[in-house]
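To keep things clear, I will list the structure first and then write my remarks on it.
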Amino acid sequence: MELVNFSGKVSLITGAGSSQGIGFATARLLAQHGSKVAITSTTERIQERACELVAEGADVFAFSADLRDHACTQALVQEVLARYGRIDILVNNAGMTQVGKPTETTAQALVELSEEQWDYGIAINLKTAFNITRAVLPCMLGAKYGRIVNVSSVTGPVVSNPRETAYSAAKAGMVGLTRSLALEVARQGITVNAVAPGWIETASSTQHEIVAGKNTPIGRPGRSEEVAAAIAFLADESASYLTGQLIVVDGGNSVQEYKGPPESYY
């Protein structure tokens, strides 16, 4: 029995440019289960991801856009609607890193964080989700159907780290956006949920993040495909009575009190 089925559905997944990332893993999984997929990232490498999915038999449309820009976001949605006529599923995965921008742009102590760095951190991790959601919502409301899944993080809503105030604030903001919007649109056939990945091994993972992943209760970093599976569940009909929720995908890390080397406890 197929656990999820997206036949006849159209999905828009942002932040899908990395071949090892959560966005691309999600696009692949939704396509494998029947969805037509529109994917986007800030650079033309999104065309490479589209070619990979086409080679696997998927119906794919790829578009590069800076989702911090309201006009670009509107143009993206209109292009998707012109091609497919509808958007049933929106996965807001864009954020965290951007090609051409060093990850340490916002990795500063708050006392050293400039206004420009703060604004960038909020824009790439939160405004992007607002812009694309605002652009997609009218067609979902018109159809009285939609599934919106926001990719937040454990960092901010659940835990945090030093020098991650902008990122933490933005990702916590995504959960607030999720809950409020879920209430606004619940009676229009639209659900809005979020996932909170922990230490997930992707192309942008640093060595110390890999080590942190090995100290989770499960004993390894997570895989993008494991986060994609949670997203697919939330986007499926089987989750139609689930809205305004945050699903943590972190190998149990946020619930363990002891966070040192595992030898003492595991």
Side-chain angles (χ1 to χ4, degrees), residues 2-6 11-35 37 39-41 45-46 48-53 55-58 60 89-99 103 125 147 149-159 161 164 167 171 174-175 193-236 238-239 245-256 259 261-262 266:
E2 191 172 50
L3 295 179
V4 291
N5 184 358
F6 301 110
S11 304
L12 171 57
I13 303 101
T14 71
S18 170
S19 61
Q20 298 178 44
I22 292 168
F24 184 60
T26 301
R28 171 176 277 153
L29 183 58
L30 297 183
Q32 287 172 345
H33 289 276
S35 181
V37 293
I39 55 176
T40 182
S41 73
R45 69 175 177 164
I46 198 66
E48 299 173 13
R49 304 289 82 76
C51 289
E52 292 178 52
L53 294 176
E56 297 173 7
V60 186
I89 299 164
L90 170 63
V91 179
N92 282 314
N93 177 66
M96 192 170 181
T97 60
Q98 186 178 30
V99 172
T103 55
N125 292 299
R147 298 287 181 265
V149 184
N150 295 322
V151 180
S152 180
S153 173
V154 293
T155 307
V158 183
V159 294
N161 289 302
E164 292 191 357
Y167 182 77
K171 289 301 187 179
M174 283 193 78
V175 177
N193 291 288
V195 296
W199 299 115
I200 308 299
E201 186 170 1
T202 68
S204 62
S205 296
T206 64
Q207 188 56 42
H208 85 268
E209 289 171 338
I210 301 302
V211 170
K214 291 179 179 178
N215 284 289
T216 63
I218 287 182
R220 62 169 175 82
R223 298 186 295 269
S224 294
E225 293 79 9
E226 292 170 317
V227 183
I231 294 169
F233 164 68
L234 292 172
D236 187 55
S238 60
Q245 302 305 306
L246 175 68
I247 294 181
V248 175
V249 187
D250 74 341
N253 196 49
S254 59
V255 299
Q256 69 171 349
K259 294 201 169 33
Y266 297 100

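When reading the values below, keep in mind they use all heavy atoms of this one structure, side chains included, and skip hydrogens, waters and symmetry mates. Computed from a predicted structure; not experimentally measured. One-based numbering along the sequence shown.
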Side chain to side chain donor-acceptor pair (under 3.5 Å) with [X]: which residues, sequence neighbours excluded?
{"X": "S19", "value": "none"}
{"X": "N92", "value": "T133, N150"}
{"X": "S205", "value": "none"}

Could you tell me the separation between the [atom1] atom of [X] and the [atom2] atom of [Y], rounded to the nearest 0.5 Å?
{"X": "T14", "Y": "L90", "atom1": "OG1", "atom2": "CG", "value": "7.0 Å"}
{"X": "I210", "Y": "E201", "atom1": "CD1", "atom2": "CD", "value": "3.5 Å"}
{"X": "R28", "Y": "R49", "atom1": "CZ", "atom2": "CZ", "value": "9.0 Å"}

Which atom pair, heavy atoms only, marks the closest approach of [X] to [Y]?
{"X": "V159", "Y": "S254", "result": "CG1-CB, 4.4 Å"}
{"X": "G198", "Y": "V154", "result": "CA-CG2, 3.8 Å"}
{"X": "A16", "Y": "I39", "result": "CB-CB, 4.0 Å"}
{"X": "L29", "Y": "A228", "result": "CD2-O, 3.6 Å"}
{"X": "I200", "Y": "S224", "result": "CG2-N, 3.7 Å"}
{"X": "V227", "Y": "P197", "result": "CG1-CG, 4.0 Å"}

- Task: With sequence neighbours excluded, give me every side chain to side chain donor-acceptor pair (under 3.5 Å) pair touching residues 210-223.
- Result: R220-E226, R223-E226
Identify, with sequence neighbours excluded, every residue that meets side chain to side chain contact (heavy atoms under 4.5 Å, CB included) alongside [X].
{"X": "Q256", "value": "P217, N253, K259, Y266"}
{"X": "T155", "value": "S153, S160, N161, E164, Y167, S168"}
{"X": "S41", "value": "T43, R45, I46"}
{"X": "S11", "value": "I13, L30, S35, V37, I89"}

- Message: Quick check against the 3.5 Å criterion: does N125 have a side-chain atom that pairs as donor or acceptor with the backbone of K171?
- Response: no
- Query: So, N93 side chain and G15 main chain: donor-acceptor pair closer than 3.5 Å or not?
  - Reply: yes
Do [X] and [Y] come close enough that some side-chain heavy atom pair is under 4.5 Å?
{"X": "I231", "Y": "I22", "result": "yes"}
{"X": "S18", "Y": "F24", "result": "no"}
{"X": "F6", "Y": "D236", "result": "yes"}

